[in-house]
Amino acid sequence: MTRIKRGYIARRRRTKIRLFTSSFRGAHSRLTRTITQQKIRALVSAHRDRDRQKRDFRRLWISRINAVIRGNKVYYSYSKLMYNLYKKQLLLNRKILAQIATLNRNCLYMISNEIIK
């Protein structure tokens, strides 16, 4: 029986994975088995952390809004402000409110005064 050499398809697949893990350290960028394991691990972490990043930013925006509101005694709490915003149908999301709170506090005070009336 003649010797069969493997074709280029497996090599092409491995080089594609190698390019993905080329910046990893040690055996994680050299050995084929560990390369595939580390690629799977990296993709799982990236998927998990995309969701976590959304959570963390939402928490950051809420804490920024709450700090500005409580700092100047404009409103009692963040939850009451958000409740009254929705009740008055001022649909400003937390990201925009946090930017207003950090960059232009007077604007946030004007918004809260309009809600109180």
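Numbering starts at 1 and runs along the sequence shown.
In this structure, the side chain to side chain contact (heavy atoms under 4.5 Å, CB included) partners of A42, at least two apart in sequence or on a different chain, are F20, F24. Residues passing the side chain to side chain contact (heavy atoms under 4.5 Å, CB included) test with R50 are A46, H47, K54, sequence neighbours excluded. Residues passing the salt bridge (charged side-chain N to carboxylate O under 4.0 Å, His left out) test with R58, sequence neighbours excluded: none. Annotation: salt bridge (charged side-chain N to carboxylate O under 4.0 Å, His left out) contacts of D49 (sequence neighbours excluded): R52. Partners of S79 according to the side chain to side chain donor-acceptor pair (under 3.5 Å) rule, which considers only residues two or more places apart in sequence or in another chain, are S77.
In this structure, L31 CG and R18 CZ are separated by 8.0 Å, a value rounded to the nearest 0.5 Å. The distance from the OG atom of S112 to the CG atom of L85 is 9.0 Å, given to the nearest 0.5 Å. Atoms CD1 and CE, on I69 and M82 in that order, are 8.5 Å from each other to the nearest 0.5 Å. Atom-to-atom distance recorded for D56:CG and D51:CG is 11.0 Å, nearest 0.5 angstrom. In this structure, the separation between CG on N84 and CD1 on I115 is 6.5 Å, given to the nearest 0.5 Å.
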Name the atoms and distances for all side-chain donor-acceptor pairs under 3.5 Å in residues 8-17, with sequence neighbours left out.
unit_1: T15; atom_1: OG1; unit_2: R11; atom_2: O; d: 3.1
unit_1: T15; atom_1: OG1; unit_2: R12; atom_2: O; d: 2.8

Name each donor-acceptor pair under 3.5 Å that joins a side chain in residues 87-102 to protein atoms two or more places apart or in another chain, with its distance.
unit_1: K88; atom_1: NZ; unit_2: K117; atom_2: O; d: 2.9
unit_1: N93; atom_1: OD1; unit_2: I96; atom_2: N; d: 3.1
unit_1: R94; atom_1: NE; unit_2: Y78; atom_2: OH; d: 2.6
unit_1: T102; atom_1: OG1; unit_2: A98; atom_2: O; d: 3.1
unit_1: T102; atom_1: OG1; unit_2: Q99; atom_2: O; d: 3.2

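Closest non-hydrogen pair, S22 versus S29, comes out as O-CB, 4.2 Å. R105 approaches V68 most closely through the heavy-atom pair NE-CG2, 4.0 Å.
For the pair N66 (side chain) and I62 (backbone), a donor-acceptor distance under 3.5 Å is absent. Counting only distance, with no hydrogens or angles, the side chain of T34 and the backbone of A27 share a donor-acceptor pair below 3.5 Å.
Clustering of Ile, Leu, Val, Met, Phe, Trp and Tyr side chains at separations under 4.5 Å leaves Y83 isolated, with no partner residue. If you chain together ILVMFWY residues whose side-chain heavy atoms come under 4.5 Å of each other, W61 ends up grouped with F57, L60. Under a 4.5 Å side-chain heavy-atom criterion applied to ILVMFWY residues, the cluster that includes M110 comprises that residue alone. Other residues sharing a hydrophobic cluster with L19 under the 4.5 Å side-chain heavy-atom criterion for ILVMFWY residues do not exist; the residue is a singleton.
Counting heavy-atom neighbours within 6.0 Å of R25 CZ, excluding the residue itself, gives a total of 12 or less.
Among Q38, K39, Q37, the one residue that satisfies the side-chain contact (heavy atoms from CB on, under 4.5 Å) test with R41 is Q38.
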